[in-house]
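Before any comments, here is the structure.
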Amino acid sequence: MLVLGIESSCDETAASVVSDGVKILSNVIASQVNIHSRYGGVVPEVASRHHIEAIIPVIGEALKGAGVSIGDIEGIAVTRGPGLIGSLLVGVSVAKSIAFARNLPCVGVNHIAGHIGALFLIENVPAFPFVSLVVSGGHTHIYKVDNYDRFTLLGQTRDDAAGEAFDKAAKMMNLGYPGGVIIDTMAKKGDPGKIDFPRAMKKSTDFSFSGLKTALLNYLKTLNHFPGQEDICDIAASFQDAIVDVLVEKTLRAAEESCISRVALSGGVASNTRLRKVFMEESAKKGIELFIPPPLLCTDNAAMIAAIGSQYLEKGISDALDMNAVSRWPLGSGR
Ligand code: KG4
Ligand code: ZN
């Protein structure tokens, strides 16, 4: 089955053509990062307007890149939520319009399920059940994944998401937006043992990153000189390690407590170099099999939405044309 995936939940306008839910024929992503970086974060109203401008050309490019025409497409999968409502509405409206015009089935996909869906697009697909950490700008959740549509929450952040913590830390140090990639790069030149940042809620599989953010703010205040390049690299490395340590430890513990020996990572922060390395080392020590998509499938894309949507569409499940976008949609709370 040839499925067109559409994703517009935040600041990336994306479209992809996926065959049989596993083979990516095209994966086009138009990023608005340069537009939002001058504001230090995503401005929802600006994001919606740019999605409107980009969505049709992006879909056209995805079809062209896959070497197919719209007449070849057999179903549409679109991110319905969670995300910025104005941004989601653009993707959902376009998906429903194409479905109506072409008489195609259209299914709304949960964005977090989509991030997990990226794992079905890699060569070595994890068998069910597996434990998945979804770690992005809006989510830090651990799920037990029993099937394409069966997710049990094992742990989640009580405040900020890990990606949000990276972005806020970069903002505090005037490093630019989005902060995750910048901190990842600077941390490579820094000493992770230089500052002892807190690791919160050690015994739980839930996360908390707000104390870490405050600890960084306090550290910057107590520094009796303007931080130079070397200081910033040490801070970045120490801050990054505080996040990586808890993500790795809690996810592997959640897997052990569930007696599951397969662990997967997804979401934008899963492209972090240090996180991937530490996860590989620690899972190997524990005899846990680790699955991580390539960085391009970790950050927001439409191939992951098509991967999950294909599973529904192939079973004949689709949504009516009165389907609407939803800003909040906890995974596992139904369709
Ligand atoms: O999954 P994603 O593209 O969008 C959301 O659904 O949120 O994730 C974006 C988040 C941002 O917070 C960004 O700073 C973070 O992922 N991120 C990273 C890296 N690349 C992206 N964080 C740490 N290291 C990276 N290499
Ligand atoms: Zn995302």
Side-chain angles (χ1 to χ4, degrees), residues 1-21 25-30 44-45 47-64 66 68-117 120 147-151 300-335:
M1 188 178 202
L2 217 51
V3 170
L4 172 67
I6 298 173
E7 152 67 37
S8 68
S9 67
C10 191
D11 61 342
E12 254 104 36
T13 319
S16 164
V17 178
V18 170
S19 167
D20 297 329
L25 302 187
S26 65
N27 190 16
V28 179
I29 304 163
E45 174 66 21
S48 319
R49 286 170 192 274
H50 280 90
H51 281 307
I52 292 171
E53 284 172 16
I55 192 104
I56 300 295
V58 163
I59 291 173
E61 218 183 298
L63 293 171
K64 197 169 159 212
V68 302
S69 77
I70 191 74
D72 299 316
I73 297 296
E74 296 168 273
I76 300 172
V78 61
T79 306
R80 192 181 150 222
L84 301 172
I85 195 71
S87 292
L88 288 162
L89 269 171
V90 178
V92 169
S93 305
V94 169
K96 290 197 295 185
S97 306
I98 300 173
F100 178 68
R102 290 273 161 185
N103 197 23
L104 290 172
C106 176
V107 71
V109 173
N110 184 300
H111 182 79
I112 315 172
H115 273 303
I116 295 172
F120 307 123
N147 210 321
Y148 300 102
D149 56 357
R150 271 187 56 209
F151 311 95
D300 287 351
N301 66 86
M304 67 186 200
I305 303 301
I308 288 289
S310 298
Q311 297 300 329
Y312 294 121
L313 292 166
E314 278 173 11
K315 289 188 193 106
I317 300 167
S318 62
D319 285 300
L321 290 178
D322 62 356
M323 169 184 64
N324 214 343
V326 280
S327 60
R328 295 175 72 83
W329 183 7
L331 192 56
S333 63
R335 294 201 31 78

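Every heavy atom of this structure was used, including side-chain atoms; hydrogens, water molecules and symmetry mates were not. Residues take their numbers from the sequence shown, with the count starting at 1.
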Pair Ile317, Asp149 - check side-chain contact (heavy atoms from CB on, under 4.5 Å), show working. CA-CA 12 Å; Ile317 300 167; Asp149 56 357; 5.7 Å; no
If I compare all heavy atoms of Pro105 with all of Leu313, which pair ends up nearest, and what's the gap? CB-CD2, 3.8 Å
Any side-chain to backbone donor/acceptor pair from Ser26 onto Val17? Under 3.5 Å, distance only. yes
Quick one: pull up OH in Tyr148 and CD in Glu314 and give me the separation to the nearest 0.5 Å. 9.0 Å
Close side-chain approach of Glu12 and Asn301, heavy atoms under 4.5 Å: no
Could you tell me whether the side chain of Thr13 and the main chain of His51 form a donor-acceptor pair under 3.5 Å? no
Contact summary for Leu2 and Asp72, nearest pair of heavy atoms: CD2-O, 3.7 Å
Test Val90 against every option in Ile6, Ile55, Leu84 by the side chain to side chain contact (heavy atoms under 4.5 Å, CB included) rule and name the one that passes. Ile55
Could you tell me which non-hydrogen atom of Ala99 sits nearest to which non-hydrogen atom of Leu321, and how far apart they are? CB-CD2, 4.2 Å
For Ala77 and Ala306, which heavy atoms make the closest approach, and how far apart are they? CB-CA, 4.0 Å
Step-by-step side-chain contact (heavy atoms from CB on, under 4.5 Å) determination, Ile73 to Arg102: CA-CA 9 Å; Ile73 297 296; Arg102 290 273 161 185; over 6 Å; no
Determine the minimum heavy-atom distance between Ser9 and Pro82, stating which atoms define it. CB-O, 3.9 Å
Pair Asp319 + Arg335, salt bridge at N-O below 4.0 Å: yes
Measure the spacing between CD1 of Ile76 and SG of Cys106 and express it to the nearest 0.5 Å. 5.5 Å
Should Met323 and Val78 count as side-chain neighbours, where that means a heavy-atom distance under 4.5 Å? yes
Between atom OG of Ser19 and atom CD of Glu74, what is the distance when rounded to the nearest 0.5 Å? 8.5 Å
Check step by step if side-chain contact (heavy atoms from CB on, under 4.5 Å) holds for His115 and Asp300. CA-CA 8 Å; His115 273 303; Asp300 287 351; 3.0 Å; yes
Validation row: Leu89, Asn324 side chains within 4.5 angstrom (heavy atoms): yes
My understanding is that only one of Pro44, Cys10, Ser48 makes a side chain to side chain contact (heavy atoms under 4.5 Å, CB included) with Ser87; could you say which? Ser48
If you measure from CE on Met304 to OG on Ser16, what distance do you get to the nearest 0.5 Å? 10.5 Å
Calculate, to the nearest 0.5 Å, the distance between atoms CD1 and NE2 belonging to Ile308 and His111 respectively. 12.0 Å
Trace of the side-chain contact (heavy atoms from CB on, under 4.5 Å) decision for Leu104 with Leu4: CA-CA 11 Å; Leu104 290 172; Leu4 172 67; over 6 Å; no
Output for pair (Thr79 OG1, Ile112 CD1), nearest 0.5 Å, gives 11.0 Å
Residues Arg49 and Glu45 bridged, charged N to O under 4.0 Å: yes
Minimal heavy-atom distance between Val58 and Ala14, with the atoms involved, is CG1-C, 3.9 Å
